[in-house]
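I have placed the structure first, in the form of C-alpha cells, so that the comments after it can refer back to it.
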2 protein chains.
Amino acid sequence: MLDASLIAGLPLFAGMSREDLTALVAKANSLRVEKGARVFHAGEEARSFFVLLDGHIRVVRTTPAGEQVIARYISSGEPFGIAQAIDRDTYPADAVAAVDCVILAWPSSFWKQVVERYPSFASNIYRTIGARLQDAQDRIVEMATERVEQRVANAIMKLAGQNGRKTDEGILIDFPISRQDISEMTGTTLHTVSRLLSSWESEGLVKSGRQKITVTEGRRLMMIAGGTSGG
Amino acid sequence: MLDASLIAGLPLFAGMSREDLTALVAKANSLRVEKGARVFHAGEEARSFFVLLDGHIRVVRTTPAGEQVIARYISSGEPFGIAQAIDRDTYPADAVAAVDCVILAWPSSFWKQVVERYPSFASNIYRTIGARLQDAQDRIVEMATERVEQRVANAIMKLAGQNGRKTDEGILIDFPISRQDISEMTGTTLHTVSRLLSSWESEGLVKSGRQKITVTEGRRLMMIAGGTSGG
DNA sequence: TCTGGAGTTTGATGCAGCGCAATTTCTGCG
DNA sequence: CGCAGAAATTGCGCTGCATCAAACTCCAGA
C-alpha cells in the first residue's frame, strides 16, 4: 500500500498535515514507466494528473511537419499533466520517460476536491504553473534576442542546475541526453550542438560523450550563456 | 460610482450573479491611462491586479541589453497583472497603454477573498493563465521551427483575429502598431518586417501605412503563416 | 565476436536575415 | 504653413547557422 512518506518532505506538499498527506496518497495510484515509454500523449483526454516520484520526464511537442520541440524536463518531486488546474480537458504535449520512472497519478475528477480540501497543495500547483509561464516567457525572450551559442550554453547550465549530480570531473547531467535533445530545447540542429560541445570540450569547459554531458567549468559556460564576452 | 454593468457580459465574469458582480465592482478602482503611459513596470511590487475595460495594453519585457520583446497584447475584457494568482509578489513585465485605456484595479490583498467568494471568477483567471501558458509554448515552438516570414504572417493574423475591425478594405488592426512592434513580437528586425509588408502589399495581401495594418487577403496570409506553399 | 543501428563528428556549401546606412514620407506642433 | 522628429523604405555586404554529405564510434543483441 502507498504511504505518506512517499511524498512527505517534497516542497510541493509543504504545509500539509500528516493526515492530509495520508489521505491524499490513498487516492493515488502509483505506476512505473519504462525508459522511452509515454505517460500520455498530446491531445489525449486528460484522465489523470501526476507527480513524478522518481526519474526524469521529457515534455515534448511535435509540429505538424514532424519536428519536435522539448518544452521542459520534469524532475522528481514535480507535478505534470496538470491540465485540470487550468481547465483543460486534454494534455497539450507528450510526456516521455527519459529513464525508468515512478509516478503517482490521481484521477482528474479528484482535482475539485484537492482545491477544496488541500488548498496549500492546490496553491503550490498554481505556483508551479506560474513558474512555468514565467519560464516560457523567458525562453521566448531568449529565442528572440540571443544567439544559438548562448542558448545552448544556457540550456546546459539549467539542466546541470536542476538535474546535476556532482562527480569528480564536474557536474553530470544525470539522465541520458543526446545532442538532438539539446537542439530540440534550443531551436537549433544537432550538428550545431555537436560543434559547440566539441569546441567547448577542447577548451575544457565540458566533458561529453554519448548521451552524456558533464560541466567542468560552470563559471565560464555561464559567461557564454550570459553573453558577457571575455574574462 | 462604479456599476456592475461595466463588467456584466464579459466572459471573464461569466457565471456570477448580479449581486456578486456589484460587490466585486464596489471593491475596484477605475483608472484612466493615457496612450504611452505605464500601468506598471517589471519588478515593481504587485499592489493590484487589473481588468482592462477599454483600450489595448502592450506587455513588454526588456533584456539586460535593452532589447524589448512584446509578450502579448491585452484587449478589453481581459485580466492582466494577475501576479497574485500565481503567487508572485512582483510584476514580471511592463504594461504600457497602446491607446488611452480604462482599467479596473483591485488591491492584491483582495485576491484571497476572490478565490473564496467568487470561485468562478478565480477559475476564469486560472483558465486565462493556462491559455497564456499554452500560448507561450506555442510561440516557443514557432520560434524554434518556423522562419521569419511565417512568424510575421502569423503574428499579424493573430492580431487581426483578436483586435481586428472590419473596414471596407479588409480587417484593420485597431490600434497603432509599428513595424518595430511587430518585430518585437516575432524576434526579428523592423527592417525585415518592413520588407515583408512591402512585398505583401505589392501582392495585394495587406494594406499598410504608418502604424497601421489592414489585412485584405487573410486566406493567403494564413497560407504563408501555415507554411503551405502554393495556391 | 560480429553486426546493425543509433548517436556523433566534421567538412563543404549556401542563403535567410541581420547590421548598417542613406533616404523618404508621414504627422503633430508651433 | 513649415519644421522637426518619428516611422518607414530600400540597397548592400556580410555572417551565423542551416543544409547536405560522409565517415566514425559506440553499444546491444545475435
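Note on naming: letters A, B, ... go to the chains in the order of the sequence lines (proteins, then strands), and numbering restarts at 1 for each one. This structure is a prediction, so every number in the text was calculated from the model and none was measured.
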- Would you find a donor on one side and an acceptor on the other, under 3.5 Å apart, between the side chain of A:Glu184 and the backbone of A:Asp181? no

With sequence neighbours left out, the residues meeting side-chain contact (heavy atoms from CB on, under 4.5 Å) with A:Leu10 are A:Ile7, A:Phe13, A:Leu53

May I ask you to decide if B:Thr188's main-chain N or O and B:Thr192's side chain share a donor-acceptor pair within less than 3.5 Å?
no

Base, sugar-phosphate, or nothing: which does A:Arg195 touch, judged by heavy atoms less than 4.0 Å apart? base

Ranking A:Leu190 and B:Thr192 by the position along DNA chain C of their nearest nucleotide, the one closer to 5' is A:Leu190

Contacts of A:Ser108 meeting side-chain hydrogen bond (donor to acceptor under 3.5 Å, both in side chains) (sequence neighbours excluded), chain-then-number -> A:Gln84

Has B:Ser194 got a side-chain N or O lying under 4.0 Å from the OP1 or OP2 atom of D:dT9? yes

In numerical order, the residues of residues 168-187 of chain A whose heavy atoms come under 4.0 Å of DNA chain C are A:Ser178, A:Arg179

Bounded by its outermost nucleotides with an atom under 4.0 Å from a heavy atom of chain B, the footprint on DNA chain C reads C:dG17 to C:dT27

Angle separating the five-pair end axes of the helix from C:dT1-D:dA30 to C:dG30-D:dC1, nearest 10°, is 40°

Applying side-chain contact (heavy atoms from CB on, under 4.5 Å) to A:Asn163 and not counting sequence neighbours gives A:His56, A:Ser75, A:Leu159, A:Asp174, A:Phe175

Of A:Arg210 and A:Arg151, the one whose closest nucleotide on DNA chain D sits nearer the 5' end is A:Arg151

### Message
Using a 4.0 Å heavy-atom cut-off, does B:Thr189 contact any base of the nucleic acid, only the sugar-phosphate backbone, or nothing at all?
### Response
sugar-phosphate

